[in-house]
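Read the structure below first, then the notes.
If you're wondering where the values come from, they're calculated on a predicted model, not measured in any experiment. Position 1 is the first residue of the sequence, and the numbers go up from there.
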Amino acid sequence: MSSSSSQCLSSLLLLLLVLCFSGVSSADTVNPTIKGKGYRLISIDDTPDGGLLGLLQLKQESKTYGPDIPLLQLYVKHETQDRLRVHITDAQKQRWEVPYNLLPREQPPSLKQTITPSGKTKNPIQHSEYSGSELIFSYISDPFGFAIKRKSDGQVLFNSSSESKDPYGELVFKDQYLEISTSLPKDAALYGLGENSQPHGIKLYPNDPYTLFTTDISAINLNTDLYGSHPVYMDLRNVGGEAYAHSVLLLNSNGMDVFYRGTSLTYKVIGGVFDFYFFSGPTPLGVVDQYTAFVGRPAPMPYWSLGFHQCRWGYHNLSVVEDVVANYEKAQIPLDVIWNDDDHMDGHKDFTLNPENYPRPKLLAFLDKIHKIGMKYIVIIDPGIAVNSSYGVYQRGLANDVFIKYEGEPYLAQVWPGAVNFPDFLNPKTVSWWGEEIRRFHELVPVDGLWIDMNEASNFCSGKCKIPNKQCPTGTGPGWDCCLDCKNITKTRWDDPPYKINASGSQAPIGFKTIATSASHYNGVLEYDAHSLYGFSQSIATHKALQGLEGKRPFILTRSTYVGSGRYAAHWTGDNKGTWDDLKISITTVLNFGIFGVPMVGADICGFYPAPTEELCNRWIEVGAFYPFSRDHANFYSPRQELYQWESVAESARNALGMRYKLLPYLYTLSYEAHISGAPIARPLFFSFPAYAETYGLSTQFLLGSSVMISPVLEQGKSEVKALFPPGSWYSLFDMTQIISSTNGEYVTLDAPLHVVNVHLYQNTIIPMQQGGLISKAARTTPFSLVVAFPAGASNATAKGNLFLDNDELPEMKLGNGYSTYVDFYATVSEGIVKVWSEVQDGNFALSKGWIIGKVSVLGLDGSGGTSALEIDGDQMTSISNIELIASEQTYLNEIEDGGKTKSTVVEVDGLSFPIGKNFAMSWKVGTKP
């Protein structure tokens, strides 16, 4: 749910359009860049841990945005062979940093070491370098600036020195204003710096505003700070046809504006420290691997979470929910998870049930029924705890002193139940209390996961409030109008900082419609500093609570995220609208979160706000069926938009979700790869084709894993789509006789009538599939098939793929525990012989489940398709066996560059019964061209 009103949204959109057309942000015009003298390096030493420790001295004071900090500590360390840290802070006073217990990492040396350098002081008055395995840190002493270079190719990845060609200010470090810049090559492609809705696509666009400060403002607002804060970007460069990627993280939770000018990037931050991490790459996948190795690997997901989910704010009673489930089954549309927004609650209060509309005995009977067939049930929890003397959750919270404070009392805010207090998840006692409340609720209702919303944190009021002498809320109207008695708080520099970030796209006060930024957390931590960590800290507490319940793998969906959130939770892109533009933008946001290390992500299918057309909902399910997290969700005021509401949409859903459910073993294997290496499930095409520059700005297609490409229709009234096909051979997964093949890559116009989405498989790949079903539990029991894709017309080629299977209720997702199996698949064609085989690790689990491979399809074979001499595990098959080999000629859908088309066939080997948990080998001879 969202508290945003249409009037507010309209005014913000108008402002953003003006700023977009002017090419600058309001923050940039109102807040000047400081042209100071910067700092000089006056000492630098080696540290016992192999790093460098230096002292920076202010050269000239500037009054703009407050007094400068006179002495800074510089700490530099190669933490791994591909990660370099540069940490700059006040040398004399401890400053706020992202808590080390929330995001574990090495601590820099204590401040006292800087002030009394050892006798090994190096001469800092000249250029100097500090080299690691893959990255080189170099510096200029006066004025101080530093550069990061990749050793293998000599590229400068980051350069803060004013010696660079693009003029910008020197290093600035004040209590509430930090500024630093880097030069960039003009042809570098940048990605990241979210969360925002990017109308220009996934590639960062020069002069668009990038503000980071977690805010409950709906995702229909473009180029605006949204629910998450991810101060990280990936830089992809094409140098002489070779691709090189690296990533830069500024680990800072304070509000910030980031100005990207095309040839430079400037950070303007309102607190904290400069804590930079540089990841050397040089491939996009390598960058995400290195990044998630530091911030935390993505959480393991249960198998059922990859099924389809249905939700709506406005399922007024249990009967409506039961009807929704029954109607999905009647329409033969897959459905794994049914959700409740706050309709199940008693008076919008967390951890409660409405006794009239969701009576517990009937709800338990319903859950028992759906659990038996493998379906799941998830409900929402908002962080605001209702102030109510008869509400046990609140009373226990007061007794444990768990709430955020203002002037010594729990900070009063308003959300859906009315007056609320916000739990302080930085307080260990709060984490324990929260876990106990989740345990109590789970005894009341055995939910299968939790949805944590409004955790930016959202507040319908602003400032210091008190409960009025009237009913609040009234129970009429939209529910998000502030009804507390409130007054603005501007008396402190935390509520009214000297530099105004472009909050909400309009330089709104940073305490607007959230917790007052002068409120205090545990140990005196200011909301000003910790604001953007609120949803992250709640995710951690919720994950700990769910994992402790029954020892099962948790599923958590969160709206607000920060660096490292993917370690604990999935994410959805928030309050979008049923428009074609929102459909397009959803792809960009989903792909960005893969880069952020949050691979389990999706957008509300058909749009949260009213109201999608029938045609749009058709096209949206054809995209959303391939989001990693696939859920239809709608607003209280929207017309009903479940996928069965229109027969045409139901047909598109059966088609697209039918393919998704066949691909579930592939998707689950991708989720395993995400967990062990950070690899996104949904990826931009440049992840697989980094040297193909045509993919760098492509935001209308995406990959699942390395090899399955989705090319949807994103425009009204279209029955075809112009899709980019990178060099190589691509096969339609809906009709494997269809090929698109090119040497240099090309755009191809594909037929795409209303119920068709184009899904293609790339060459040199093997993917596992099953037969699908209406629930993932049932689909998981069906026979497997392998699809082997060689380059079209191949006479000499290889292909490979893999498969991960496990008991998805276990908390950990790993091999070697007796409850998992991993299989590598290989295939070759050479000298007229096709070979397909497997190599199994820990096969007993798969054997215990009786999973078998029933069919192998090999695409792209050269020749007439004739087959002979089939051997399985060294034994030659006779004609009386039940195994069939069926060859079909394939058709090219595009013109080949040189005009010549190699004859290509697909051979299906059916009637097999290979146990997944046991190695197999199969070969046969293929015919040649006449």
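Aromatic ring centres of H230 and Y210 lie farther apart than the 6.0 Å criterion allows. When ring centroids are compared, Y411 and F403 stay outside the 6.0 Å threshold. Aromatic ring centres of F276 and Y267 lie closer together than 6.0 Å.
Side-chain atoms of L444 and F351, non-hydrogen and from C-beta on, never get closer than 4.5 Å to each other. In this structure, the side chains of H200 and D208 come closer than 4.5 Å at one or more pairs of heavy atoms. With contacts defined as side-chain heavy-atom distances shorter than 4.5 Å, the pair T215/E456 does not qualify. At least one side-chain heavy atom of I380 sits under 4.5 Å from a side-chain heavy atom of H344. V258 is not listed as a side-chain neighbour of P231, based on a closest heavy-atom distance of 4.5 Å or more. Contact of the P70 side chain with the Q92 side chain is registered, since non-hydrogen atoms from C-beta on lie closer than 4.5 Å. Using a 4.5 Å cut-off on side-chain heavy atoms (C-beta onward), F441 and V447 make contact. Looking at heavy atoms from C-beta onward, D68 lies out of side-chain contact with F173 at the 4.5 angstrom threshold.
Classification of D424 and K405 as a salt-bridged pair fails, no side-chain N sitting under 4.0 Å from a carboxylate O. The pair R559-D453 meets the salt-bridge criterion, since a charged nitrogen lies less than 4.0 angstrom from a carboxylate oxygen. The existence of a salt bridge linking R396 and E436 is excluded, since no basic side-chain nitrogen approaches an acidic carboxylate oxygen closer than 4.0 Å. Classification of R95 and E97 as a salt-bridged pair fails, no side-chain N sitting under 4.0 Å from a carboxylate O.
Put simply, the side chain of S253 never gets that close to the backbone of S532: no donor and acceptor are under 3.5 Å apart. A donor-acceptor pair under 3.5 Å is formed between the side chain of N459 and the backbone N or O of T514. Side-chain atoms of Q198 never come within 3.5 Å of backbone atoms of T589 as a donor-acceptor pair (strictly under, hydrogens ignored). At distances below 3.5 Å, not a single donor-acceptor pair connects side-chain atoms of K349 with backbone N or O atoms of A386. Counting only distance, with no hydrogens or angles, the side chain of N400 and the backbone of V402 share no donor-acceptor pair below 3.5 Å. Q414 contributes a side-chain N or O that, together with a main-chain N or O of D481, makes up a donor-acceptor pair within less than 3.5 Å. In terms of modelled atom types and a separation under 3.5 Å, the side chain of N427 and the main chain of Y522 share no donor-acceptor contact. Counting only distance, with no hydrogens or angles, the side chain of D225 and the backbone of T211 share no donor-acceptor pair below 3.5 Å. Side-chain atoms of R312 come within 3.5 Å of backbone atoms of S638 as a donor-acceptor pair (strictly under, hydrogens ignored). Without hydrogens or angle criteria, R567 side chain to G597 main chain gives no donor-acceptor distance under 3.5 Å.
Remark: K174 fails to qualify as a cation-pi partner of Y65 under the 6.0 Å distance and 45° angle criteria applied to the six-membered ring.
Considering all non-hydrogen atoms of both residues, Q176 and P497 come closest at NE2-CB, 3.6 Å. The shortest heavy-atom contact between Y568 and F536 is CE1-CE1, 3.9 Å. For the pair V273 and T89, the tightest heavy-atom approach, listed with the atom from each and the gap, is CG1-OG1, 3.3 Å. Scanning both residues, W451 and C311, for their nearest heavy atoms gives CZ3-SG, 3.5 Å. Among all heavy-atom pairs drawn from C465 and S462, the shortest one is SG-O, 3.8 Å. Between Y637 and P610, the closest heavy-atom pair is O-CG, 3.8 Å.
Cys pair C461/C482: SG-SG separation is below 2.5 Å.
Going from atom CG of D485 over to atom CG of N469 covers 7.5 Å, rounded to the nearest 0.5 Å. S560 contributes atom OG, which lies 9.0 Å from atom CD1 of I452 (distance to the nearest 0.5 angstrom). Rounded to the nearest 0.5 angstrom, I595 CD1 and L193 CG are separated by 10.5 Å.
With N455 as the fixed residue, the side chain to side chain contact (heavy atoms under 4.5 Å, CB included) test singles out one of D216, D382, T558, T214: T558. Put simply, the residue from N221, D581, L226 that forms a side chain to side chain contact (heavy atoms under 4.5 Å, CB included) with S197 is L226. For the pairing with Y534, the ring pair (Phe, Tyr, Trp, His ring centres under 6.0 Å) check across Y562, Y227, F425 returns one residue only, F425.
For N196 and T224, the side-chain atoms include no donor-acceptor pair closer than 3.5 Å. Defined by atom type and a distance below 3.5 Å, a donor-acceptor pair is missing between the side-chain atoms of T490 and D496.
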Chi angles and distances behind the side chain to side chain contact (heavy atoms under 4.5 Å, CB included) call for N340, M345: CA-CA 9 Å; N340 265 129; M345 295 181 184; over 6 Å; no
Stepwise side chain to side chain contact (heavy atoms under 4.5 Å, CB included) check, E195 with F593: CA-CA 8 Å; E195 176 181 9; F593 270 86; 3.6 Å; yes
Intermediate values then yes/no, side chain to side chain contact (heavy atoms under 4.5 Å, CB included), I378 and L557: CA-CA 10 Å; I378 293 175; L557 185 73; over 6 Å; no
Side chain to side chain contact (heavy atoms under 4.5 Å, CB included) between F460 and V415, intermediate numbers included: CA-CA 6 Å; F460 297 168; V415 200; 3.9 Å; yes
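With sequence neighbours excluded, no residue forms a salt bridge (charged side-chain N to carboxylate O under 4.0 Å, His left out) with D529.
Ring planes of Y499 and Y177: tilted class, angle from 30 to 60°. W313 and F636 have tilted rings, their planes meeting at an angle from 30° to 60° on a 0 to 90° scale.
When the shell of 6.0 Å around CD of E61 is examined, it contains more than 12 heavy atoms from other residues, nucleotides or ligands.
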